[in-house]
Number of protein chains: 2
Amino acid sequence: MPLDTSDSELLAVRAAELYYEENKTQDEIGAILRITRWKVGRLLAQARERGIIRIEIVHPRARRLGLERDLAAQFGLKDAVVVPAPLDDVELQSRVAEAAADYLVSMRPIPRLLGLSWGRTLHQVAEALPVGWSTGVNVVQLNGGVSLSKRPGTAAATATMIAQKAGGQATLLPTPAILERLETKLAIEGDRTVGGVAQLARTANAYLYSAGPADTSSVHVDSGYLTADDINRLVDLGAVGDVLGRYITAEGEIADPELDARTLGLGLDELRAATTSILAVGGETKHPVARAIVTHGLCSVLVTDEHTARFLLGRDRDADRDADLDHSTDSTPSTAPREDTP
Amino acid sequence: MPLDTSDSELLAVRAAELYYEENKTQDEIGAILRITRWKVGRLLAQARERGIIRIEIVHPRARRLGLERDLAAQFGLKDAVVVPAPLDDVELQSRVAEAAADYLVSMRPIPRLLGLSWGRTLHQVAEALPVGWSTGVNVVQLNGGVSLSKRPGTAAATATMIAQKAGGQATLLPTPAILERLETKLAIEGDRTVGGVAQLARTANAYLYSAGPADTSSVHVDSGYLTADDINRLVDLGAVGDVLGRYITAEGEIADPELDARTLGLGLDELRAATTSILAVGGETKHPVARAIVTHGLCSVLVTDEHTARFLLGRDRDADRDADLDHSTDSTPSTAPREDTP
DNA sequence: CGCGAACCTGCTCATGTGAGCAGACACGCA
DNA sequence: TGCGTGTCTGCTCACATGAGCAGGTTCGCG
């Protein structure tokens, strides 16, 4: 017995084949299948709805606009960028970084002063930016980043690279990220120069930062600011990861106020208050931090991969082409960030 | 550094996203990307050519028209039907059978008398045919099929089922497939009744048959006509599989003339001479026989799966969307078999 | 520097296509 | 049977789209 999943389905398939694979006109298809061209059109529409026809854009720089829209809607973001996830996890990181770079380039209005965090992801963003990506964008570091152990100066290098490539100046914050004693932190903060940088950071038009997971692979352990034990203690306190060096819980709160007080740089509330704060984050290990950030208004623009996006939206992996129906009706997420032309 | 695989590629991707995922018009896309709508159209065309936009028809009953065209062209077939290969090998068999059934149903002109072989595949074809698939199609068996051991009567059941479902009569050939002694075979052949069936078979408008691999999984071993040793000997003689019970080599010749002389039913040359001979075959084990058959004109219509199709075309697996460029220009393979209307 | 070839761009125009609409049809209920 | 309701069908019409073409640009080569 032929499994007759509705008589028309087979017709729809035949029509789809002739239309998409053979490039025939709906009229021609009508002639072949002995139906009117309008019926062909309807069959095709139906086939598209039912997911029989799958259109995919295969390109490393492709994006998932449906997910972007959903993210923006669900978390009240100004904008979202979602890149398709490659199999490789390293590759994923650089895709996200590339996407963030693209976003910066096409940002309107151009941010004259960009507040910057540091880390592996942001360094990749800097590398992904083309020379001359903008004209005269200055950069200011948001949090301390002098490494105690290896790879000294990557924080500074990131900031200067971004500024240089746009023909601008970088203002660095050449201090440790976390101080051992509160007094030292306050003293440094009080320093005229450091205070000036902090002041400048508050006037930035946009912030660009990443986030780290609350585990021993964190840069803070690498850099020597925290020990594995410190991390474990933070996790016990509910920490899911760090933003600008500050460890937060799933509820978006500071995990350890004492530690936080010793952390130098822009505060969480200042970040939350910013009009444009771009979070670039990808990978499974960062899912919890990412959720904490987007659900508590710490970022206004999210650049991430599709797995993270789905995680944030509560649909883990699978189940995709369902919520993708009402195209083109509601609000339109910009391809480029907010155009200044109406 | 941004991997600049041609500047326009990124634009093309963005355009494709907006066009296919967001259902925007090319005009709107032009406005967003700040290019003219004609350029958008060209970018899309380019993206389609380069394979950035992949359109796939996901359906069990879908077909691969590109491969069908290529098969028909390369082997001079009247028609070809290629079904997408599922992961499962059992599933694959029934897909091919379904496709063959579909083909029979939509065949024009309707074959008043259908010559039929037997086997697992053809039985599935019979099952896949809807009741009343045609009006008054008679069936005649092409080769003997009384099983010596298990599953007696499937050969007869296949033929009668197909005939009954079309409201026609089945003429059976109730003899063994292979006789032990040549004299017996000649004697049976000389019998008035059997001779009459053979005579009738020669007048069939179309033949429908399958093929078996030359290994011990063959139905002939199952049925007790041949032993595993016989098969091994045949393989040594160059046999790649059987058609209508006759074992052939890769060159399309009879592998063992002595055995063949003892095989009852339609001869290879008669099959080759037929105007419409439909081969339904799928699965990796049958690749060699399938090749022998199509390269030596033993079938005029091929129904198979996409892996087999690719194997036959000499492009093993991968490497697909290359030879798929010049759509719509040259000869068009019919969706349904040869229409009788012009 | 001058010239032609190849390419790209923006256009006109014919064709392809989807939204929307009125009539046909089938179904359930009184 | 009559009537309303919902679905399906074929149509008109406005819009979207691709082919083809002329002018402009870039590039290589003499």
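Everything quoted here is computed from the prediction, not taken from an experiment.
Distance, B/Leu33 CG to C/dG10 P: 14 Å, rounded to whole Å. Remark: P of D/dT17 and CD of B/Glu28 are 9 Å apart, rounded to the nearest angstrom. If you take CD of B/Glu49 and C1' of D/dG18, they are 13 Å apart, rounded to a whole angstrom. The separation between A/Trp38 atom CH2 and C/dC21 atom C1' is 13 Å, rounded to whole Å. The interatomic distance linking B/Leu43 (CG) with D/dG18 (C1') rounds to 14 Å, in whole Å. If you take CG of A/Asp27 and P of D/dG10, they are 13 Å apart, rounded to a whole angstrom. To the nearest angstrom, P of D/dT17 lies 16 Å from CG of A/Asn23. One interatomic measurement links the two molecules: OH of B/Tyr20 to P of D/dA16, which rounds to 16 Å at whole-angstrom precision.
Between A/Glu9 and A/Arg50 there is a salt bridge, since at least one side-chain N of the basic residue sits less than 4.0 Å from a carboxylate O of the acidic one.
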Go through it in stages, so that I can follow the logic: the residues are A/Arg112 and A/Asn138, the test is side-chain contact (heavy atoms from CB on, under 4.5 Å), and I'd like the CA-CA distance, side-chain angles, deciding distance and then a yes or no. CA-CA 6 Å; A/Arg112 289 291 116 191; A/Asn138 294 319; over 6 Å; no
Give the intermediate values and the outcome of side-chain contact (heavy atoms from CB on, under 4.5 Å) for residues A/Thr276 and A/Met107. CA-CA 11 Å; A/Thr276 304; A/Met107 218 173 151; 3.5 Å; yes
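Of the two residues near DNA chain C, A/Arg37 and A/Arg42, the one whose nearest nucleotide lies more 5' is A/Arg37.
B/Pro84 places a side-chain heavy atom less than 4.5 Å from the side chain of B/Arg64.
Phosphate contact (OP1/OP2 of D/dT17, side-chain N/O of B/Tyr19, threshold under 4.0 Å): present. Under 4.0 angstrom from either OP1 or OP2 of C/dG18 there lies at least one side-chain N or O belonging to A/Gln26.
Distance from the side chain of A/Lys39 is smallest to D/dT9 among D/dA19, C/dG18, D/dT9.
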